[in-house]
Amino acid sequence: MNSAETVDVVLIGGGIMSATLGSLISRLQPDWSIRVYERLGEVAQESSNAWNNAGTGHAALCELNYMPENPDGSVSAAKAVSINEQFQISRQYWAYLVSIGALPEPHNFINTAPHMTFVRGKANIEYLKKRVAALKDQPLFPDLEYTEDLERIAEWTPLLAKKRNPKQKVAATRIVSGTDVDFGALTKYLFTDIAAHGAEIHTNHQVTRLKRQKDGTWRLRVKHLVGGTPKEVNARFVFVGAGGGALALLQHSGISEIKGFGGFPISGQFLRTTNPKLVAQHQAKVYGKAAVGAPPMSVPHLDTRVVDGETALLFGPYAGFTPKFLKTSTWFDLPFSIRLHNLGPMLQVGLKNFDLVKYLVGELMANREKKMQALREFMPTAKTEDWELITAGQRVQVMKKDPEKGGILQFGTEVITGADGTIAGLLGASPGASTAAPIMLDVLARCFPDRMGEWEPKLRDMIPGYGTTLSSDPAAAEASLAETAKTLQLQA
């Protein structure tokens, strides 16, 4: 066994979260040593991989699940505005990195793709009208268009309207300044940049154990998966950004803050086409309404995707279930994650989410033709031979204790930090990657509160909206959208 050396920061996992945190730290504290451990042969191969997610710059421009209808029929814009605010922080940071040459030409990882919603039926149309009314005066939702005219929808994106029954009641919204993001490419570029500033990126390395030392550091046992050579390293700060693998590592750490947390894995598939005739007729990300009991990550959508410079269309996702927490892990992930402290909350979640279980069973039983039928609700002319089925990344939804309900299933992300700020980790899924920058700023604020004052000037230089609320200042919102659009070469 090699003698353990000490580094300032260890990032576990080669995804967008670790890459973003490493990028921030390398600029705020350039004298700190950073080491990254990724168990696969390359970074960005799990949830951050371009084909393992929809690539939507989640700004709540089109995702209806961020504005659910309340029991009394009302609709609140609060969550949608909050998520958009978070996306603007990420967008500002990316623009800053492009402006200083730390990221390449922006079209390599971000492109304009109008964001649309599309609904059918009287009840859904009434809901969409209320959503539009709640958003139309919001500064971060400029130029929100609404129509019930099928011909107008055909102008926006022909595939939704072609051969659709003209008597069917439909409605759609559009914001032309939405984005498509290749988070796989962005992750790789961020790691390349921090490596150029001294960070060490170790692929094919798996962290198998982490233990708190008496001096406050963490001792990590790391296994080189090529040859199996083990080694140990000490870290003053550890971030567990291992996606579905984060829960097990945080449990192994022994921190009390992870008690009561469990994970519910959901797998997924997409239909994909690269047929140039179809791709040319659909240049938007179009979201519909989720089925009853479906998790937010399963909202059906027909998306333009730009990956490695090539444009494709993606439809889905079709949810499923597997006990694996990662696309490339084992079937024992779920059973091995069960502890006495999280068994109760997990059982409560199972008992209280019958609609979700019913939905997943239905998805698992769906054959290819049924999947095509779901696509034809968006695109009536879809032909089976034009589309291939691909497997998406695993998503692990958070299950945790709740004082009133015993246990709840949480859709979103959860930052877990140790009491002394020497370790942090991230659980959960959507909106995830799109809000990586504000989530990592939260990690920094929780773990390094005594340094935030010192870092604030640099943070404001990199992210002008840091500590502010754009939605409460229309002029600032307009200026930010215009400036980042110009730098990132997007449609304003």
Side-chain angles (χ1 to χ4, degrees), residues 54 56 58-77 79-81 83-84 113-136 138 141 143-176 178 271 281-304 313-319 355 359 362-363 370-382 411 430-431:
T56 305
H58 284 294
L61 303 179
C62 59
E63 305 93 330
L64 302 181
N65 54 292
Y66 295 142
M67 287 184 65
E69 194 167 16
N70 297 316
D72 64 0
S74 63
V75 174
S76 170
K79 184 175 182 180
V81 171
I83 288 174
N84 195 301
H115 283 197
M116 295 176 56
T117 60
F118 178 70
V119 300
R120 295 167 291 119
K122 183 178 179 180
N124 289 334
I125 291 172
E126 289 304 312
Y127 158 75
L128 196 58
K129 286 180 179 178
K130 288 186 281 189
R131 179 180 182 271
V132 171
L135 290 174
K136 64 182 179 65
Q138 289 292 336
F141 293 77
D143 305 318
L144 175 62
E145 302 173 82
Y146 173 84
T147 186
E148 296 175 26
D149 184 352
L150 192 60
E151 291 186 4
R152 182 63 170 160
I153 295 172
E155 294 174 8
W156 290 353
T157 176
L159 294 185
L160 292 186
K162 188 175 292 186
K163 293 191 177 180
R164 184 175 295 279
N165 184 348
K167 294 183 179 180
Q168 186 180 54
K169 293 184 178 297
V170 297
T173 65
R174 181 177 73 158
I175 292 182
V176 297
L271 286 169
Q281 296 179 70
H282 187 85
Q283 298 173 11
K285 289 182 178 290
V286 185
Y287 276 57
K289 288 200 76 174
V292 175
M297 57 156 285
S298 297
V299 173
H301 45 95
L302 180 60
D303 292 355
T304 294
L313 300 184
L314 205 66
F315 178 79
Y318 302 98
D355 282 347
Y359 167 77
E363 289 283 279
K370 189 170 183 179
K371 290 180 169 67
M372 287 301 301
Q373 288 175 11
L375 169 58
R376 292 186 187 111
E377 292 180 3
F378 276 70
M379 178 187 167
T381 58
F411 299 109
S430 183

> Between H282 (side chain) and M379 (backbone), is there a donor-acceptor pair under 3.5 Å?
Replying inline: no

>> Minimum heavy-atom separation for Y318 and K371, please, with both atom names.
In response: OH-O, 2.6 Å

>> To the nearest 0.5 Å, what is the distance between CD1 on I153 and OG1 on T173?
In response: 10.0 Å

>> I'd like to know if E63 and K79 make a salt bridge, using a cut-off of under 4.0 Å between side-chain N and carboxylate O.
In response: no

> Could you walk me through whether H115 and H301 pass the side-chain contact (heavy atoms from CB on, under 4.5 Å) check?
Replying inline: CA-CA 10 Å; H115 283 197; H301 45 95; over 6 Å; no

> Between K289 and Y127, is NZ or CZ placed under 6.0 angstrom from the six-membered ring centre and within 45° of the ring axis?
Replying inline: yes

>> Is it the case that the side chain of N70 and the backbone of D72 share a donor-acceptor pair, with hydrogens and angles ignored and the cut-off at 3.5 Å?
In response: no

>> In the structure I gave you, are the side-chain heavy atoms of R174 and T157 within less than 4.5 Å of one another anywhere?
In response: no

>> Within the supplied structure, the quantity of interest is the number of heavy atoms (other residues, nucleotides, ligands) at a distance under 6.0 Å from K370 NZ; does it exceed 12?
In response: no

>> If I compare all heavy atoms of M67 with all of V75, which pair ends up nearest, and what's the gap?
In response: CE-CG1, 3.2 Å

>> The test is side-chain contact (heavy atoms from CB on, under 4.5 Å); show your working for V132 and L144 and say whether it passes.
In response: CA-CA 8 Å; V132 171; L144 175 62; 4.2 Å; yes

>> Distance check, rounded to the nearest 0.5 Å: L128 atom CG versus T117 atom OG1?
In response: 4.0 Å

>> Would the distance check show the side chain of K285 and the main-chain N or O of T304 forming a donor-acceptor pair, the cut-off being under 3.5 Å?
In response: yes

> Of all heavy-atom pairs between D303 and A54, which one has the smallest distance, and what is that distance?
Replying inline: OD2-CB, 3.5 Å

> Which pair of heavy atoms, one from V170 and one from R120, lies closest together, and at what distance?
Replying inline: CG1-CG, 3.8 Å

> Hey, are the side chains of W156 and T147 touching, using non-hydrogen atoms and a 4.5 Å cut-off?
Replying inline: yes

> Closest approach of E145 and V176, non-hydrogen atoms and distance?
Replying inline: OE2-CG1, 3.9 Å

>> Strictly distance-based, threshold 3.5 Å: is any side-chain N or O of R164 a donor or acceptor partner for the main-chain N or O of F378?
In response: yes

>> Could you tell me if the side chain of I175 sits less than 4.5 Å from the side chain of D143, heavy atoms only?
In response: no

> Which value, rounded to the nearest 0.5 Å, describes the distance between M116 atom CE and Y287 atom OH?
Replying inline: 13.5 Å

> Rounded to the nearest 0.5 Å, how far apart are CG of L150 and CD of E155?
Replying inline: 10.5 Å

> Could you state the interatomic distance from CZ (F118) to CD (E377), rounded to the nearest 0.5 Å?
Replying inline: 9.5 Å

>> So, taking the atom named CD in Q283 and the one named CG in L159, what distance separates them when rounded to the nearest 0.5 Å?
In response: 10.0 Å

>> So H58 and Y66, do their side chains get closer than 4.5 Å, heavy atoms only?
In response: yes

> If every non-hydrogen atom of F141 is compared with every non-hydrogen atom of A80, which pair is closest and at what distance?
Replying inline: CZ-O, 3.8 Å

